[in-house]
Amino acid sequence: MFKDKIVPKIKIVKDGPYLVLGNIPMTKQTIIANEEGRSVKWEQGEAYPKQEEYALCRCGHSKDSPYCDGTEHKIDFEGTETANKEKYIKRAGATVGPELIITDLPELCAYARFCHREDGSVWELAEDSGNPKSRASAIQGAWDCPAGRLLAWDRTGQPIEEKLEPSIGIIEDPSYNGGVSGPIWLKGGVVIESSDGSEYEVRNQVTLCRCGESENKPFCDNTHGSIRFKAKP
Ligand code: FES
């Protein structure tokens, strides 16, 4: 008999880890910055061993990062989810340019810094989107944002983004604040089930906190940068 295929999903355990179900591939993803410290590209690193199910650290104290090692019990981790479950588009602001719209929900910012580009910020570029180069640059900047904070839309209201396959990226940010470990980059419309059994809006890209200190759990709010979080492998 064939086993039913498990749908890719993240289940958040109350005051515990992220349970990853459905054989989701996972790789290391590093932010590469230029000499001025501006993020310029993503570099894909090692692939972690494939597993049908695994548990990722959510408290930030595992000694087997990115996996959970049960430390959350020893430190009495308090992982209460505080994020708003209302749809992104209902809460995001918009910059409307002649050929492009950029929507923006700052509370999701993971501070990957791809929105500040060599030729201007994503918002400035959207305002100048009558210029094809500016338009293309704004779209790339929104696309490189792992957190789903920024989305590019055409003027008919269609989102401009590729459909991603389910995957997980473990972000490292060696150029920021002396080098920090970043969040978990969840791509490809993976369902996130809250510890209360409800579900978050399914998105193409989001970042989940892995330092344990976000005030917008389960999402990253860039606290990892201010506390100089370094995951312990
Ligand atoms: S990993 Fe970004 S706030 Fe925790």
Side-chain angles (χ1 to χ4, degrees), residues 10-20 24 26-33 37 39 42-45 48 54-72 74-85 88 91 104-116 142 144-150 167-187 190 192-195 200-201 203-233:
I10 300 275
K11 281 178 102 158
I12 300 173
V13 177
K14 186 176 178 332
D15 300 328
Y18 301 107
L19 295 183
V20 182
I24 305 178
M26 183 164 77
T27 55
K28 193 172 275 188
Q29 297 284 341
T30 301
I31 296 174
I32 305 296
S39 302
W42 287 101
E43 185 174 88
Q44 180 163 312
Y48 293 89
Y54 47 98
L56 293 177
C57 174
R58 192 161 76 94
C59 73
H61 291 271
S62 170
K63 293 186 182 59
D64 187 25
S65 179
Y67 301 105
C68 171
D69 70 352
T71 301
E72 77 274 13
K74 293 184 201 142
I75 63 167
D76 255 342
F77 174 58
E78 209 260 85
T80 306
E81 295 164 59
T82 50
N84 191 326
K85 290 197 178 85
Y88 167 88
R91 294 182 293 131
D104 181 5
L105 188 55
E107 70 192 44
L108 294 179
C109 186
Y111 210 65
R113 309 179 303 288
F114 288 95
C115 47
H116 291 280
D144 281 336
C145 169
R149 168 185 170 172
L150 300 171
S167 71
I168 287 175
I170 300 298
I171 296 179
E172 292 294 334
D173 193 354
S175 320
Y176 178 45
N177 211 5
V180 299
S181 297
I184 295 166
W185 186 2
L186 188 62
K187 305 186 208 179
V190 175
I192 304 169
E193 185 182 300
S194 166
S195 57
Y200 289 89
E201 180 185 8
R203 308 271 324 273
N204 207 16
Q205 313 196 67
V206 291
T207 44
L208 297 173
C209 174
R210 69 170 173 133
C211 73
E213 299 293 336
S214 171
E215 290 184 3
N216 191 35
K217 291 186 183 73
F219 302 112
C220 169
D221 71 352
N222 183 37
T223 303
H224 66 268
S226 48
I227 64 171
R228 294 184 152 185
F229 172 59
K230 290 238 170 69
K232 299 177 200 79

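Indexing begins at 1, ligand by ligand and atom by atom, following the structure's order. What you see is a predicted model, and the numbers here were worked out from it, not measured in a lab.
The protein heavy-atom contact nearest to atom 1 (S) of ligand 1 is R210 N, 3.3 Å.
Inter-residue side-chain proximity for Y18 and I168 is flagged as unmet; no heavy-atom pair is nearer than 4.5 Å.
Taking a cut-off of under 4.0 Å to the non-hydrogen atoms of N222, the atoms of ligand 1 that pass are 2 (Fe), 3 (S). Remark: ligand 1 atoms within the under-4.0 Å shell around heavy atoms of D221 are 3 (S). Residue S214 has at least one heavy-atom neighbour below 4.0 Å for each of these atoms of ligand 1: 3 (S).
Taking the six-membered ring where the residue is Trp, H224 and Y176 present perpendicular rings, their angle passing 60° and hence far from 30°.
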- Query: Do I32 and W42 pass the side-chain contact (heavy atoms from CB on, under 4.5 Å) test, and can you show the C-alpha distance, the side-chain angles, and the key distance before you say yes or no?
  - Reply: CA-CA 6 Å; I32 305 296; W42 287 101; over 6 Å; no
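Our summary of the site lists the angle at atom 4 (Fe) of ligand 1 between SG of C211 and SG of C209 as 100°, to the nearest 10 degrees. To the nearest 10 degrees, the angle centred on atom 2 (Fe) of ligand 1 between SG in C220 and ND1 in H224 reads 90°.
To the nearest 0.5 Å, atoms CG (L186) and SG (C220) are separated by 13.0 Å.
The aromatic ring centres of Y54 and Y48 sit 6.0 Å or more apart.
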